[in-house]
S.K.: 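Below is a structure I'd like to ask you about.
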Number of protein chains: 2
Amino acid sequence: MSLNNMSSKNNLELNPRISVDCVIFGFDLNQLKVLVIERSISDSDKQILTLPGDLIYEAENLEIAADRVLFELTGLETIFLEQVGAFGDTDRLNKEADKKWLRAVREEPEARVITIAYFSLVNIHEYAPQASSFAKSAAWIPLNEIDELAFDHFDILQTALKKLKNKIRIQPVGFNLLPEKFTLSQLQKLYEAILGRELDKRNFRRKMLKLQLVEMLEERQEKVPHKPSQYFKFNETNYNILIENGFDNFGF
Amino acid sequence: MSLNNMSSKNNLELNPRISVDCVIFGFDLNQLKVLVIERSISDSDKQILTLPGDLIYEAENLEIAADRVLFELTGLETIFLEQVGAFGDTDRLNKEADKKWLRAVREEPEARVITIAYFSLVNIHEYAPQASSFAKSAAWIPLNEIDELAFDHFDILQTALKKLKNKIRIQPVGFNLLPEKFTLSQLQKLYEAILGRELDKRNFRRKMLKLQLVEMLEERQEKVPHKPSQYFKFNETNYNILIENGFDNFGF
DNA sequence: CCAAAAGTGTTGAAGTTACACCCATGC
DNA sequence: GCATGGGTGTAACTTCAACACTTTTGG
């Protein structure tokens, strides 16, 4: 492919004004985590975490770009992504440490860049992120341990989290976050982690079973030092129906 | 101001890759309408409608740009805008009629442009849109009469409408759409227009009154050929509380 | 036998749906 | 007096929140 070929030029040329950033939530059956990467520049700098993200290519759709960037930076693949929104304040790249980093890696470090953020939910055990490209390392960090990120990424993370909280109220989102078989307690912990508050065990189980979102398996936990829990799996048919229609529990 | 002055240069220079588009919903006490403009080029072309929108300036925040563009194209001012999202498919400007128009008005007509859409709700009687700039005319068109728009604007409209439907379930949005005093039947019609289905009169009134979102005024309708209706106004205090917290009527 | 989490029902309160008739006014 | 939309109550049903004890297993 030649750089002078028009179409491949477009495919190979970065758009210096538009980036994508990904907020990837994972759940380790205990707490919510977020996939972040460490910027790799000189070791002397304080390492600051960022969301996986980068400039898009000229001829690349946004969702495709988000998929690609996520893969390049972390090795994660084929993940459902939902748009969080566009972040375009003129001062979003103005922190001194961020500018320094941009000068080191970008061809147009002073350019105004608008970023489109996406979020996704993944089963933390099926996806082992690994460092690549200019990411020094990619890692799952517990959500509540993050209090600072580069650029406006902390803001993006908060917005994505708000979207997730709203979404869980009306759609069965959480299922992408869990392994194929899981216990109802694990499912409950997930909901509690997302909503940020405790739920009543009996009420939660009743509701989940009534929605027919889960099906009991034959299998039970083994070698646990307490009464072993039933495993469940998702009922895909009902899951898809509910994804489509939402829980629709509103008062009109 | 000189074009060679760096900061004013940035303020005067268009960003050829980013635009904003506005979905402005209005309500005439009967049906939902959308503010659209007619593209003004040669009269021989079939007139196709677009959402108010244009390129942003380099040093302009997105929300500010949306405010500005809306004002320039329609004369509407100081409107609350909420982001719908970014629309960036590479083929979004590829329709032949759209390309022709872009060649006529844009400095870089072939550029790939990503647009950030915003939506708002306005009181149709307080805002009289007027043509200006390169908008031949601005007009309120009933939502259900729109089946085609330029670019990907129809898609943007549908997405904005979906957001509005979701929002009305958990927040008292509709109030921006109504005049200061209104009857409960008018409020109900508004909800029906947004939700796209009929609601029970008694249940609706009960619910609204219980939420304490509205307050009865002394005034009643006059000169109507039926029992005159009470006027109500919004209770701003409770309105703001509900905007903040949402109705929170979900089952967990 | 002890620690740990699993699992299970009921009750009272609140909210939701469905439904039909009289009222006040203009013409 | 008639056409029009305004305004009102109740009963059956569903959903929700709160709450405590027994079971099964590993060690």
Side-chain angles (χ1 to χ4, degrees), chain A residues 28-31 168-170 172 178 181-193 195-233 242 245-252, chain B residues 28-31 168-170 172 178-179 181-193 195 197-233 242 245-252:
Chain A
D28 66 357
L29 301 186
N30 201 31
Q31 55 185 341
I168 203 179
R169 300 183 155 219
I170 50 169
L178 286 173
K181 62 182 188 192
F182 52 85
T183 72
L184 289 183
S185 293
Q186 289 165 347
L187 183 60
Q188 182 177 345
K189 264 199 181 141
L190 169 59
Y191 273 75
E192 291 176 335
L195 292 172
R197 69 194 156 93
E198 296 197 345
L199 303 171
D200 180 273
K201 183 165 55 164
R202 278 172 287 193
N203 294 338
F204 179 83
R205 295 162 97 87
R206 195 185 359 257
K207 176 143 200 166
M208 278 299 149
L209 294 171
K210 181 162 43 91
L211 288 173
Q212 301 197 69
L213 268 171
V214 291
E215 274 174 67
M216 195 185 287
L217 298 174
E218 294 298 298
E219 208 178 342
R220 275 189 292 167
Q221 280 184 317
E222 282 172 28
K223 302 187 186 167
V224 287
H226 55 75
K227 181 170 175 178
S229 179
Q230 280 292 341
Y231 279 118
F232 288 77
K233 66 168 184 177
L242 282 173
N245 301 341
F247 297 156
D248 201 23
N249 79 14
F250 181 62
F252 283 114
Chain B
D28 66 357
L29 301 186
N30 201 32
Q31 52 184 343
I168 203 179
R169 301 183 153 219
I170 50 168
L178 287 173
K181 62 182 188 192
F182 52 87
T183 72
L184 289 184
S185 293
Q186 289 165 348
L187 183 59
Q188 183 177 344
K189 265 198 181 143
L190 168 60
Y191 272 74
E192 291 176 335
L195 291 172
R197 68 193 156 95
E198 297 197 343
L199 303 172
D200 180 273
K201 183 165 55 163
R202 278 173 288 195
N203 294 337
F204 179 83
R205 296 163 97 86
R206 197 184 359 256
K207 176 145 197 163
M208 278 300 149
L209 293 171
K210 181 161 43 88
L211 288 173
Q212 300 195 69
L213 267 171
V214 291
E215 273 173 68
M216 195 186 287
L217 299 174
E218 295 298 298
E219 207 177 342
R220 275 190 291 169
Q221 279 183 320
E222 282 173 26
K223 302 186 185 167
V224 286
H226 54 75
K227 179 172 175 179
S229 180
Q230 278 293 339
Y231 279 119
F232 288 77
K233 65 168 186 176
L242 282 174
N245 301 340
F247 297 157
D248 200 23
N249 80 13
F250 181 63
F252 282 114

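Chain letters run A, B, ... following the sequence lines, proteins first, then strands; residues in each count from 1.
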S.K.: The test is side chain to side chain contact (heavy atoms under 4.5 Å, CB included); show your working for M208(B) and L187(B) and say whether it passes.
M.R.: CA-CA 9 Å; M208(B) 278 300 149; L187(B) 183 59; 3.8 Å; yes
S.K.: Looking only at the aromatic ring of each residue, does the gap between the centers of Y231(B) and F182(B) stay below 6.0 angstrom?
M.R.: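 Judged by ring-centre distance (under 6.0 Å), F182(B) and Y231(B) do not meet the cut-off.
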S.K.: Whole Å only: how far is the CG atom of L211(A) from the C1' atom of dC16(D)?
M.R.: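 L211(A) atom CG is separated from dC16(D) atom C1' by 14 Å.
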S.K.: Whole Å only: how far is the CD atom of Q221(B) from the C1' atom of dG26(C)?
M.R.: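 Taking atom C1' of dG26(C) as the reference, CD of Q221(B) is at 13 Å.
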S.K.: Rounded to the nearest Å, what distance is computed from the CG atom of residue L217(B) to the P atom of nucleotide dG6(D)?
M.R.: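 One finds 16 Å between P of dG6(D) and CG of L217(B), rounded.
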S.K.: Quick one: do Q230(B) and F232(B) satisfy side chain to side chain contact (heavy atoms under 4.5 Å, CB included)? Show the steps, please.
M.R.: CA-CA 7 Å; Q230(B) 278 293 339; F232(B) 288 77; 3.7 Å; yes
S.K.: Counting heavy atoms from C-beta on, name the nucleotide in dT25(D), dA18(D), dA6(C) closest to the side chain of K201(A).
M.R.: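 Within the option list, the nearest is dA6(C).
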S.K.: Among dT24(D), dT16(C), dG6(D), find the nucleotide with the atom closest to the side chain of S229(B).
M.R.: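 Of all the options, the side chain of S229(B) is nearest to dG6(D).
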S.K.: Measure from CE on M208(B) to P on dG15(C) and round the result to the nearest Å.
M.R.: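 Roughly 15 Å, once rounded to whole Å.
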S.K.: Answer with base, sugar-phosphate or nothing: what part of the nucleic acid does S185(B) contact at a heavy-atom distance below 4.0 Å?
M.R.: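 The residue S185(B) makes sugar-phosphate contact but no base contact.
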S.K.: In terms of side-chain heavy atoms of K227(B), which of dC23(C), dT17(C), dA20(C) is nearest?
M.R.: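 Per side-chain heavy atoms of K227(B), the pick is dC23(C).
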S.K.: Tell me whether K181(B) is salt-bridged to E219(B), with the criterion being a basic N under 4.0 Å from an acidic carboxylate O.
M.R.: yes
S.K.: Between P228(B) and R205(A), name the one whose nearest nucleotide on DNA chain C is closer to the 5' end.
M.R.: R205(A)
S.K.: Without decimals, in angstroms, what is the distance between E222(A) CD and dT24(D) P?
M.R.: 17 Å
S.K.: Go through dT10(C), dT4(D), dA5(C) for me and flag the one nearest to the R206(A) side chain.
M.R.: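 That would be dT10(C).
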S.K.: Counting only distance, no hydrogens or angles, is the base of dA20(C) paired donor-acceptor with the side chain of R202(B) under 3.5 Å?
M.R.: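 Yes, the side chain and the base share a sub-3.5 Å donor-acceptor pair.
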S.K.: Compare the minimum distances between each of dG6(D), dG9(C), dA5(C) and the side chain of N203(A), then state the nucleotide with the smallest one.
M.R.: dG9(C)
S.K.: For K223(B), report the nucleic acid contact type (base, sugar-phosphate, nothing); a contact means any heavy atom under 4.0 Å.
M.R.: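 Here K223(B) touches the backbone only, sparing every base.
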S.K.: Mind checking if Q230(A) touches a base, just sugar-phosphate, or nothing, with heavy atoms under 4.0 Å?
M.R.: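 Sugar-phosphate: the residue Q230(A), judged by heavy atoms under 4.0 Å, touches backbone atoms but no base.
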S.K.: If you count every heavy atom of other residues, nucleotides or ligands that lies below 6.0 Å from E215(A) atom CD, does the total exceed 12?
M.R.: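 Counting neighbours around CD of E215(A), more than 12 heavy atoms of other residues, nucleotides or ligands fall under 6.0 Å, so yes.
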